[in-house]
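Structure record follows, encoded as structure tokens.
Every number for a ligand or one of its atoms is a count from 1 in the order of the listing.
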Amino acid sequence: MPAVYVLNGPNLNLLGRREPGVYGSVTLDEIERRLREEAGAAGVEMTFRQSNLEGELVGWVHEAGLKGAGVVINAGAYTHTSLALRDAIAGSGAIAVEVHISNVYAREPFRHKSMIAAVCAGVICGFGPTSYKLGLAAAITLLRERTATAP
Ligand code: CA2
């Protein structure tokens with residue numbers, strides 16, 4: 001059964017409780033619930049985690065890679081700063097999809113640069129919680145393509 005890790009970075013535990021004007025009113029628990037429905041319907045095993053610690057996220061990327069799982073990652077502010085996460089994604093061999101709730105390109109210039117985008121298969125941003133659903137669908141599609149073309 002294909003597996004996908006959905007990883008969330010710093011402060012995303014505050015979703016739906018603070019700054020609703022920027023990030024909306026849907027909580028991270030509700031995003032997890034919606035994704036579990038999607039993953040279940042697709043026959044995919046989903047692991048959903050959040051951490052405010054860079055090293056913990058790095059460890060989970062390694063874990064996903066060792067299991068041959070895909071990764072959907074909203075790295076939060078670490079997106080723009082973390083060489084460690086970039087190296088972890090590149091080194092893990094995992095198929096990774098970067099997602100963001102907000103349209104980072106419509107925001108401050110410091111959010112226009114992603115440290116991890118180049119080592120991800122692609123980036124989805126600006127669709128609110130739907131970014132996660134699109135990211136999961138992309139990761140599942142890529143995992144299935146990889147399996148279909150494996151020697
Ligand atoms: O739009 C996204 O998903 C972001 O990854 C969210 C990050 C931000 O640093 C990125 O540039 C874009 C921030 C996550 C913090 O989430 C909060 C939610 C509610 C209240 C405060 C922070």
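Within 6.0 Å of the CD atom in E45, the count of heavy atoms belonging to other residues, nucleotides or ligands does not exceed 12.
For atom 19 (C) of ligand 1, the nearest protein heavy atom (residue, atom name, distance) is R18 O, 3.2 Å. Protein heavy atom in closest approach to atom 18 (C) of ligand 1: Y23 CD1, 3.5 Å. For atom 2 (C) of ligand 1, the closest non-hydrogen atom on the protein side is I101 N, 3.4 Å. Nearest protein neighbour of atom 4 (C) of ligand 1, counting heavy atoms only, is H100 ND1, 3.6 Å. With hydrogens left out, the protein atom closest to atom 15 (C) of ligand 1 is N11 CB, 3.6 Å, a heavy atom. Summary of contacts: the protein heavy atom closest to atom 1 (O) of ligand 1 is S102 OG, 2.5 Å. If you check which protein heavy atom lies closest to atom 9 (O) of ligand 1, you get R111 NH1, 2.9 Å.
Atoms of ligand 1 lying under 4.0 Å from any heavy atom of H80, numbered from 1 in the order shown and given with element: 10 (C), 11 (O). In summary, the atoms of ligand 1 found under 4.0 Å from a heavy atom of E19, numbered by their order in the structure, are 20 (C), 21 (C). Against a heavy-atom cut-off of under 4.0 Å, A77 is close to the following atoms of ligand 1: 9 (O).
The heavy atom nearest to atom 7 (C) of ligand 1, out of those in P10, S131, G76, is found in G76.
Distance SG/C125 to CG/L134: 11.0 Å, rounded to 0.5 Å. How far CE of M46 is from CZ of R36: 3.5 Å, rounded to the nearest 0.5 Å. Atom CG of L14 and atom OH of Y23 lie 10.0 Å apart (nearest 0.5 Å).
In terms of N/O distances under 3.5 Å, ligand 1 is not approached by T79.
By the 4.0 Å N-to-carboxylate-O rule, E32 lies too far from R49 to be salt-bridged with it. Remark: E37 engages R33 in a salt bridge, criterion side-chain N to carboxylate O under 4.0 Å.
Ligand 1 lies within reach of V104, whose nearest heavy atom is under 4.0 Å from it.
The minimum heavy-atom distance linking N52 with N11 is given by the pair OD1-N, 2.9 Å.
Checked against F110 for a side-chain contact (heavy atoms from CB on, under 4.5 Å), the options K113, E108, R107 give a single hit: E108.
Side-chain N/O atoms of E98 and T79 include no donor and acceptor closer than 3.5 Å.
The proximity of N74 to ligand 1, defined as any non-hydrogen pair under 4.0 Å, is limited to the side chain.
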